[in-house]
There are 2 protein chains.
Amino acid sequence: MEPLQVIAAPRRMRILELVWDRELAAGDIAAEFDVSWSAVSQHLTVLKKAGFLVERREGTSRFYRADKEALGPLRAVVEDHWRTSLLRIKHLAEEEECSK
Amino acid sequence: MEPLQVIAAPRRMRILELVWDRELAAGDIAAEFDVSWSAVSQHLTVLKKAGFLVERREGTSRFYRADKEALGPLRAVVEDHWRTSLLRIKHLAEEEECSK
DNA sequence: TCCTTATTTTAGATGCAGCTAAATTAAGAT
DNA sequence: ATCTTAATTTAGCTGCATCTAAAATAAGGA
């Protein structure tokens with residue numbers, strides 16, 4: 001899958017944020033969403049195949065963390081996304097308001 | 001629409017490349033694809049609403065060009081995409097050469 | 001060995017981004 | 001006025017990315 005497509009999915013973008021500077025077990029990641037573990041696991045697979053996530057196994061658990069270097073120019077996009085997300089959502093809401 | 005979603009569509013990425021450092025009429029852009037003008041027009045609308053394209057009207061024609069500054073960190077992603085496309089074409093050409 | 005915990009994999013369902021076709025707008029030429 | 005060219009808008013269709021549910025895998029304890 002194309003790197004850009006990999007990070008374009010909102011759920012995957014959020015997963016990257018969660019494991020940006022700490023390791024998290026798959027279950028702890030899944031707990032952050034109100035979708036099935038299965039769905040989250042499938043996203044983790046996509047991110048891992050793209051090389052954006054590194055996996056460490058310990059017992060029955062699997063821990064993930066972001067590989068920032070692997071993102072290349074997308075790294076700045078990901079970091080900017082979080083910085084501006086609140087602001088952007090506010091603007092989108094205002095546009096909605098105007099079109100009423 | 002979220003900026004990342006806007007450039008994540010391959011067709012829109014290609015459109016941006018076409019008008020990266022020249023102005024092009026909507027029809028000339030559409031001619032580059034084997035989809036309907038309508039489809040291309042809809043992509044132009046998305047890009048324009050995101051602020052990534054500027055429009056200039058002249059007679060019945062509408063000319064578009066990329067607004068590089070508006071892309072922010074996405075600019076590097078687009079340029080990287082373009083660069084790797086050229087590389088891919090070059091490699092394909094070399095393979096052609098070898099097989100002669 | 002069987003159970004539990006943690007997670008993935010498979011198979012099938014669903015929503016929506018992107019498409020087509022047809023109607024519409026807009027400007028200029030005849 | 002009508003026709004042509006250039007492009008957009010609208011309405012409806014389709015494929016695929018993402019989702020759920022259920023079965024499978026894998027490691028560790030009782």
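Proteins get letters first, then strands, A, B, ... in listed order; numbering begins at 1 in each. Keep in mind that what you see is a predicted model, and the values were worked out from it rather than measured.
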Asker: Does the side chain of A:R11 pick up a donor-acceptor pair with the side chain of A:H43 at under 3.5 Å?
Answerer: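 Not at all, the side chains of A:R11 and A:H43 share no donor-acceptor pair under 3.5 Å.
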
Asker: For DNA chain D, which residues of residues 34-41 of chain A approach it to below 4.0 angstrom with any heavy atom?
Answerer: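 A:V35, A:S36, A:S38, A:A39 - these, ordered by number, are the residues of the stretch whose heavy atoms sit under 4.0 Å from the strand.
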
Asker: Identify the heavy atoms of B:G51 and B:A70 that sit nearest to each other, and give their distance.
Answerer: O-CB, 3.2 Å

Asker: For D:dT8, does either OP1 or OP2 sit under 4.0 Å from a side-chain N or O belonging to B:Y64?
Answerer: yes

Asker: Does the pair A:R83/A:E79 count as a salt bridge with the N-to-O cut at 4.0 Å?
Answerer: no

Asker: Taking the basic N atoms (NZ, or NE/NH1/NH2) and the acidic carboxylate oxygens, is any pair closer than 4.0 Å for B:R65 and B:E55?
Answerer: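 Between B:E55 and B:R65 there is no salt bridge, as every charged N stays at least 4.0 Å from the carboxylate O atoms.
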
Asker: Can you name the residues that form a ring-ring contact (aromatic ring centres under 6.0 Å, His included) with A:W82, not counting sequence neighbours?
Answerer: A:W20

Asker: What's the CD-P distance between A:E58 and D:dG28, to the nearest Å?
Answerer: 10 Å

Asker: Rounded to the nearest 0.5 Å, what separation is found between the NE2 atom of A:H81 and the CZ atom of A:R14?
Answerer: 10.0 Å

Asker: Drop me the distance from A:D21's CG to A:K68's NZ, to the nearest 0.5 angstrom.
Answerer: 4.5 Å

Asker: Where does the chain B footprint on DNA chain C start and end, counting 5' to 3' with a 4.0 Å heavy-atom cut-off?
Answerer: C:dG18 to C:dA27

Asker: Work out which heavy atom in A:A8 is nearest to a heavy atom in B:A8; give both atom names and the distance.
Answerer: CB-CB, 3.7 Å

Asker: Taking only residues two or more places apart in sequence, or in another chain, which ones meet B:W37 in a ring-ring contact (aromatic ring centres under 6.0 Å, His included)?
Answerer: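 Residues passing ring-ring contact (aromatic ring centres under 6.0 Å, His included) with B:W37: none at all.
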
Asker: Name every residue in residues 42-52 of chain B that has at least one heavy atom under 4.0 Å from any atom of DNA chain C, in order of residue number, or write none if there are no such residues.
Answerer: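 Hits under 4.0 Å, by residue number: B:Q42, B:H43.
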
Asker: Shared ILVMFWY cluster between B:M1 and B:F52, side chains joined below 4.5 angstrom?
Answerer: yes

Asker: Is there a continuous path of hydrophobic side-chain contacts, each under 4.5 Å between heavy atoms, that joins A:F63 to A:L47?
Answerer: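 No, separate clusters.
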
Asker: Under a 4.0 Å heavy-atom cut-off, which of residues 1-29 of chain A touch DNA chain D?
Answerer: A:A9, A:R11, A:R12

Asker: Do B:S36 side-chain atoms and B:A39 backbone N/O form a donor-acceptor pair below 3.5 Å?
Answerer: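 Side chain of B:S36 to backbone of B:A39, a donor-acceptor pair under 3.5 Å: yes, one is there.
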
Asker: Could you state the interatomic distance from CG (B:L74) to CD1 (B:I7), rounded to the nearest 0.5 Å?
Answerer: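 Answer for the CG-CD1 pair, B:L74 versus B:I7, is 4.0 Å.
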
